[in-house]
Structure formats: structure tokens, C-alpha cells
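This report concerns only the one structure given below.
Side-chain atoms are counted along with the backbone in the values below, which use heavy atoms only and exclude waters and symmetry mates. Please read all numbers here as calculations on a predicted model, not as lab measurements.
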There are 2 protein chains.
Amino acid sequence: MTDMQLDDRKIKIMQAIIRNYLETGEPVGSRTISKYTDLNLSSATIRNEMADLEEMGYILQPHTSAGRIPSDKGYRLYVDTMMEKKDKELEELKEVILEKEDKMDNLLKQVAKLLAVNTNYASMISAPAVHKNKIKFLQLSRVDKNQLLAVIVMEGNIIKNNILPVAEELDDETLLKLNILLNTHLSGLAPEEINLPMITRMKQQAGIHSTIVGDVVDALAEGIKEEEDLEIYTSGANNIFRYPELADQQKASELINTFEEKDKLTELVQDSLSDNNETGIQVYIGNETQIQSMQDCSVVTATYELGEGMRGTIGIIGPKRMDYDKVIGTLKTITHQLDELYNKKT
Amino acid sequence: MTDMQLDDRKIKIMQAIIRNYLETGEPVGSRTISKYTDLNLSSATIRNEMADLEEMGYILQPHTSAGRIPSDKGYRLYVDTMMEKKDKELEELKEVILEKEDKMDNLLKQVAKLLAVNTNYASMISAPAVHKNKIKFLQLSRVDKNQLLAVIVMEGNIIKNNILPVAEELDDETLLKLNILLNTHLSGLAPEEINLPMITRMKQQAGIHSTIVGDVVDALAEGIKEEEDLEIYTSGANNIFRYPELADQQKASELINTFEEKDKLTELVQDSLSDNNETGIQVYIGNETQIQSMQDCSVVTATYELGEGMRGTIGIIGPKRMDYDKVIGTLKTITHQLDELYNKKT
DNA sequence: GTTAGCACTCAACTTACTAGAGTGCTAACA
DNA sequence: TGTTAGCACTCTAGTAAGTTGAGTGCTAAC
């Protein structure tokens with residue numbers, strides 16, 4: 001009972017079950033395996049082994065007289081230890097992505113779409129978070145009598161704008177002074193390095209215009225906060241209809257909703273960003289995501305990095321029987337491409 | 001045959017059929033109508049009338065022994081002539097929207113969501129197109145040795161940024177001069193008013209820095225172009241699962257795809273913007289949209305206007321048997337709210 | 001340890017039947 | 001002439017019963 005071992009034969013059978021199920025989506029029976037593998041065993045023997053595997057929790061039966069399907073534990077085994085890595089089709093995507101947009105959000109949308117189309121699963125991508133990113137340059141300009149424009153350029157040329165209302169009209173000279181003040185104090189810093197004493201000092205130096213300094217700092221803070229509930233783009237939601245196990249009305253509706261609302265996806269992205277394994281790739285099977293509506297899905301995420309401190313997440317959402325090999329390969333490719341793209345541009 | 005008239009009684013019956021069908025979504029039979037109306041007619045008489053209405057094309061039978069459902073022509077009749085206008089529930093939404101975000105895209109997303117939640121249909125909203133909008137203010141600043149930042153502020157405080165690479169480093173004075181040059185020539189103009197002679201003149205005045213002037217103009221042009229393939233936000237896509245007539249896999253998949261891809265929606269928005277009827281409200285029933293995947297849907301659109309020349313479209317997408325009264329009411333409310341919001345903010 | 005054989009199970013499909021809602025038509029009525 | 005009662009007919013949706021086939025577990029023999 002408890003001393004059962006995952007010996008070599010069991011592993012081979014397990015592999016055969018999963019491979020077959022990934023392809024067909026149907027429960028697989030003993031007879032199929034008996035032919036599918038090179039073990040030359042009869043279906044009866046396979047049946048015995050399968051009974052063991054079931055007891056061990058790697059496979060389960062939808063109903064008494066059906067074949068077996070992998071359990072979450074079974075998929076996990078497969079992903080962790082049994083998958084073949086293939087490092088091909090790097091080339092295929094190469095050109096597509098490189099010619100792309102310079103605007104960040106368009107690029108991300110394109111990538112999401114590219115992924116969805118290539119894999120036939122749904123995809124998501126989170127905009128890189130910039131909280132560790134440094135301020136490169138600040139500028140206040142007068143838009144009209146009682147409005148100032150504050151432009152903040154961060155490392156990696158991420159730009160934030162804010163319109164600030166002002167009570168008194170400022171002359172050019174004051175504006176210039178304020179700009180110099182702000183830049184000498186703030187540029188080169190990451191937002192999290194800006195502390196209260198620093199702000200107080202700046203306000204002192206700004207004299208009667210201290211409120212403006214306050215406003216600029218607020219604008220900065222807001223820019224950061226905005227970045228923190230990260231922007232997520234999704235694509236290929238309708239791909240879920242390709243997989244009967246996800247396509248019934250109830251599930252489809254909930255899934256579509258999850259893609260649209262995005263707040264659940266944010267959790268997922270946060271999680272994936274925080275967990276630092278060496279490859280940057282993570283696989284969530286079924287309930288491992290903690291997202292109710294994704295019980296019957298698997299999610300594969302990868303972290304990409306543009307320069308220092310700017311990390312985002314790409315993810316593929318599909319049925320549990322997704323083609324993990326291919327998905328992981330594709331994600332690796334794309335993250336490499338993004339790296340390359342960034343290095344070329346700066 | 002051909003001399004059949006839509007007399008009073010037929011209209012009343014027609015109305016009863018549609019009302020009933022809007023509520024239930026089931027084909028309605030003669031007996032139901034005979035009770036539903038105050039006409040005090042037997043089901044047999046109603047049957048005769050219904051046969052007429054069918055011949056005239058206002059209703060149809062899904063199959064021989066079922067009741068009747070309205071045809072597109074029937075819905076059209078209803079929307080054009082028979083609908084009760086109700087101008088209520090203006091109040092209910094009032095507060096929700098006013099406290100909202102200052103960032104345009106967030107506002108639009110919120111509005112889309114508000115609509116979807118309130119109506120239980122899918123919604124879309126297009127960002128206001130700015131092509132007629134005037135340039136308020138331009139500014140070039142030096143980010144580092146070989147990069148300039150061009151900020152363009154348009155009327156209504158719409159801001160565009162562009163990073164320009166430059167070959168030679170510019171000193172502060174030249175930069176100031178260029179800024180003055182650009183602002184004196186361009187501010188106050190709508191992008192379409194900027195013509196070639198004007199550009200040439202500016203380049204002349206800029207002397208050796210004429211390439212920069214060219215770059216700025218390009219950046220402007222690009223900003224406009226970007227605005228022209230209009231941004232559209234959607235919400236409530238999963239609401240389609242509430243209506244069995246849209247919820248089967250095939251249709252749902254296509255619809256979800258249409259919402260996601262958005263290019264088809266763009267056509268719709270274009271159309272709705274170009275057609276100027278006095279109310280700004282338009283109803284597309286079934287094939288009137290020309291969008292294949294929306295054959296079984298109706299779309300109601302409304303145009304909103306923020307200041308001069310900045311018009312966008314809001315739309316509700318639902319089943320043909322949508323509650324047209326309510327939808328039109330809600331759209332009117334929202335467009336008013338948007339107007340108000342704009343007036344308050346400027 | 002492996003396998004052939006057999007009884008058993010159960011979802012999925014087919015077929016036949018029933019109920020009920022609705023129609024069109026005819027004939028009678030006011 | 002318009003309205004209505006009545007009736008035969010149609011067609012979907014739902015139910016029940018039977019059939020098929022893939023698959024299992026178990027036993028006994030190799």
C-alpha cells in the first residue's frame with residue numbers, strides 16, 4: 001500500500017497517459033496504453049499498474065467505466081520531471097516581433113496577440129513595473145495662467161505627465177529656478193528613495209512656491225501608485241472555446257469575466273513576480289492559482305526584464321492539458337526577444 | 001394582399017407581441033396576446049391578424065407550430081414608432097460618475113463598466129477623436145546628451161510625448177529659441193491647419209537645427225495618426241451569456257472575438273459618428289451593423305461631445321430583444337453626464 | 001510477474017412515445 | 001362582413017427504454 005514506488009515502468013505508463021490525454025482530451029484506457037508504449041505489456045498488466053497509479057493519486061477516473069485522466073498531481077509530476085525540453089522554433093517568431101512599435105502599450109498588446117495566435121491559448125502580459133526605476137529628468141512648464149505641466153521622465157524613457165493647477169501666475173525666472181531645484185534634488189533617484197526630510201528641505205528652498213514642490217512630489221507619488229496596480233493586457237480570450245472542458249457557458253462566462261476584470265490576473269502576476277526561481281518560468285496547475293474561475297485551467301508565466309528593476313510578466317492561460325513544452329518554449333523565446341529589443345533601443 | 005394596411009389593431013397586436021417577446025425571449029402565441037391586450041379578441045381573430053403581420057414581414061415563425069417572434073423589420077418598426085420614451089433614472093447614475101478619475105482612459109473604462117453593469121449588456125466606448133483639436137502648447141527639453149523630449153499639449157489638456165534622438169548636443173539658449181519658434185508658429189492651430197509652406201518657413205528660421213523642427217512636426221503627425229485609429233474600450237462581454245440566443249459556443253466565440261479585436265467596432269463607431277441625426281442616438285438591428293458576428297445582436301450608439309471637435313461614441317451591444325427604452329435612456333443620461341463633467345473641469 | 005478471459009459498469013447514443021403549445025381552416029354566428 | 005368556436009394537424013421538447021461499446025476489476029492459468 002504505502003510502500004508503493006514510482007518505478008521506471010510506472011513512469012513510462014504515466015507519461016504515455018499524459019501524452020495521450022494532452023492530444024485527445026479523452027480519458028485514456030489500458031488497451032490504448034498497451035499499444036502506445038514500447039513496453040510490450042498486455043492491457044491487463046497496464047490495468048494493474050493504472051490501479052496503483054490511481055491509488056497514488058496521479059490519475060483519476062471520471063466515472064467507473066471510463067479510462068483515466070491525469071490529476072493535478074499527475075500534471076505536476078509531468079511538468080516537473082517528465083517533460084521533454086525542446087528549444088526550437090526560436091527562429092519562427094524572431095522577425096515578427098522586432099519590427100514592432102515603439103510605444104510601450106502597443107508593443108505589449110502586440111506581444112499578447114502574438115502569443116495567443118501562436119499557441120491557441122489565451123494570453124496576458126503585464127506592463128513592466130517601474131517602482132525601482134530612477135528619475136531621469138523633471139520639467140515644469142507653464143501651459144496657461146493657472147496651469148502647470150509637470151513632465152517626469154524615468155529611466156527607460158517612461159514618461160508621466162501631470163497638469164497642476166496653480167493659484168499665482170509664475171514668471172519664467174521662477175519657473176527656471178524651480179526646475180533647477182527639482183532636478184538637482186530628485187533626478188537620479190528612485191521614487192522610493194525620496195523621503196520626507198528631503199521634501200521639507202526642498203520646500204524650504206522653494207520659499208513661497210513650496211506648494212508647487214508639494215504638488216510635484218504628489219504627482220510623482222501618484223505616478224508610482226498608478227504603476228503599482230499594474231496594467232495588464234490580454235488576448236485570445238475566445239481561444240477557450242477550442243477546448244470543450246472550458247467552453248461550457250458557466251465556465252466560459254466566468255473566465256471571460258476574469259480576463260476582462262483583470263484584478264484576479266493582477267494577483268497572479270504579483271505572485272509570479274515575487275517567486276524568483278532561476279528560469280523565471282512558473283506553472284500553475286488547476287487550483288494552484290487560487291483563482292476560482294481558473295480551476296480547470298493551467299497558467300504558465302514567465303518574467304521578462306527590461307533593464308534594471310523593470311520587470312513584467314507574460315502568461316498563457318489554457319486547459320490543463322495544454323502543450324506545456326510548446327508553451328514554455330514560446331514564452332522563453334518571447335522573453336529573450338524582449339530583452340534583445342530593449343538592448344537594441346538603448 | 002398587397003393592399004394590406006397597418007391599421008390600429010395590427011399595431012396594438014404588434015406592440016403586444018414585441019413587449020411580450022422582449023420580456024420572455026420565447027415565441028409568443030395567439031392565445032397569450034388575446035389575454036395580454038385590452039382588445040377583447042379571441043385567439044382565433046388574433047391568429048388571422050398574425051397571419052397578416054407575418055405576410056407583411058413584421059413577424060416570423062421559428063417553426064410551424066410555434067408562436068411568432070419579431071423580425072428585424074418588426075423591431076425597426078417598434079424602435080422607430082412604437083416605443084415609449086421614459087426619461088427617468090437620470091438621478092440614479094448621477095453621483096457615480098462625477099467623482100471619477102482625471103485620466104481620460106480610466107474615465108472611459110469606468111464609463112464602459114458602469115454601462116455594462118447597469119444594463120446587463122455589453123458596452124463599448126471610443127475615446128474622443130481630437131483631429132480638430134488645437135495645439136495649446138509645445139515644449140522641447142533635453143533629457144540627456146542625445147535625446148530630446150517633445151511634449152505637446154492639446155486643448156482639453158490632452159498630452160502627447162515623444163522622445164527624439166538628436167545628433168548634436170544643444171545648449172540651453174538654442175533650445176529656448178527653438179521652443180519660442182515652435183510655439184509662435186504652431187500654438188493655437190489644429191494639426192490639419194499645419195501646411196507645408198509653414199513648415200518650410202520654420203525650418204528656414206531654425207537654420208542648422210531644421211531637422212529638429214522636422215522631427216517635431218513628425219511627432220505631431222504621428223500623434224494625430226495614432227488618434228485616428230481610435231481607441232475603444234469594452235466591458236461586460238460576459239453579459240452575452242445571459243441571453244441564450246447569443247450564448248451558444250459558436251456565436252459567443254465570435255462575439256468575444258469581435259469585442260477583443262475591436263477593428264469591427266471601429267467601423268461601427270465611424271459610422272455612428274458620421275451619421276448626424278439630431279438626437280445623436282442610433283439603433284442598429286441585426287444585419288444593419290454589417291458585422292457578421294453581430295447578426296443576432298442589436299447595437300445602440302450615442303455620440304458624446306467634450307468641447308468642440310472632440311467627439312466619441314458610446315455603445316450598448318445586446319440581443320435583439322434588448323430593452324431599447326432603458327438602453328436609450330441610460331445612454332442619454334451618460335452622454336449628459338459626460339458633457340457636464342467636461343464643463344466642470346475646464 | 002504476466003496475461004487471457006469474463007462479468008460487470010456506465011456514459012452516450014438511438015428509438016419510440018407523449019404532452020403541450022400553437023397553428024390554419026371551416027363553419028356558424030351576430 | 002368581421003368574429004369566434006371547434007377541430008385536425010404540426011412540431012418541439014421531454015421522457016423512458018433499449019443498445020452499444022469502451023473500459024474496468026477480478027480470477028485463474030501460464
Pair of N/O donor and acceptor under 3.5 Å linking D:dG6 base with B:R47 side chain: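 Side chain to base: pair found, below 3.5 Å.
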For the pair made of [atom1] in [X] and [atom2] in [N], what is the distance, rounded to whole Å?
X     : N      : atom1 : atom2 : value
A:I69 : D:dA22 : CD1   : C1'   : 16 Å
B:K10 : D:dG2  : NZ    : P     : 10 Å
A:M50 : D:dG23 : CE    : P     : 9 Å
B:D52 : D:dG2  : CG    : C1'   : 13 Å
A:H63 : C:dA12 : NE2   : P     : 6 Å

Hey, does the Lys NZ or Arg CZ of B:K320 hover above the aromatic six-ring of B:Y75, less than 6.0 Å from the centre and inside 45° of the axis?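 Because its charged atom misses either the 6.0 Å distance or the 45° angle limit, B:K320 does not stack over B:Y75.
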Considering just the side-chain nitrogens and oxygens of [X], establish if one lies under 4.0 Å of OP1 or OP2 belonging to [N].
X     : N      : answer
B:R68 : C:dG24 : yes
B:R9  : D:dT3  : yes
A:S42 : C:dT2  : no
B:S30 : C:dT23 : yes

Heavy atoms under 4.0 Å, any strand shown: does A:T45 hit a base, just sugar-phosphate, or nothing? base
Please figure out whether B:N48 or B:S65 has its closest DNA chain D nucleotide nearer the 5' end. B:N48
Residue of the set A:K12, A:R68, A:R9 for which salt bridge (charged side-chain N to carboxylate O under 4.0 Å, His left out) holds with A:E49: A:R9
Any strand: nucleotide that pairs with D:dC30 via Watson-Crick or wobble, under 3.5 Å: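 WC or wobble partner is C:dG1.
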Do B:E245 and B:R321 sit within salt-bridge range, that is, some charged N less than 4.0 Å from a carboxylate O? yes
Nearest listed nucleotide, side chain of B:T64, among C:dT9, D:dT4, D:dT10: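 Nucleotide nearest to B:T64's side chain: D:dT10.
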Quick one: do B:E260 and A:K113 satisfy salt bridge (Lys or Arg N to Asp or Glu O under 4.0 Å)? Show the steps, please. CA-CA 10 Å; B:E260 204 176 59; A:K113 189 162 178 184; over 6 Å; no
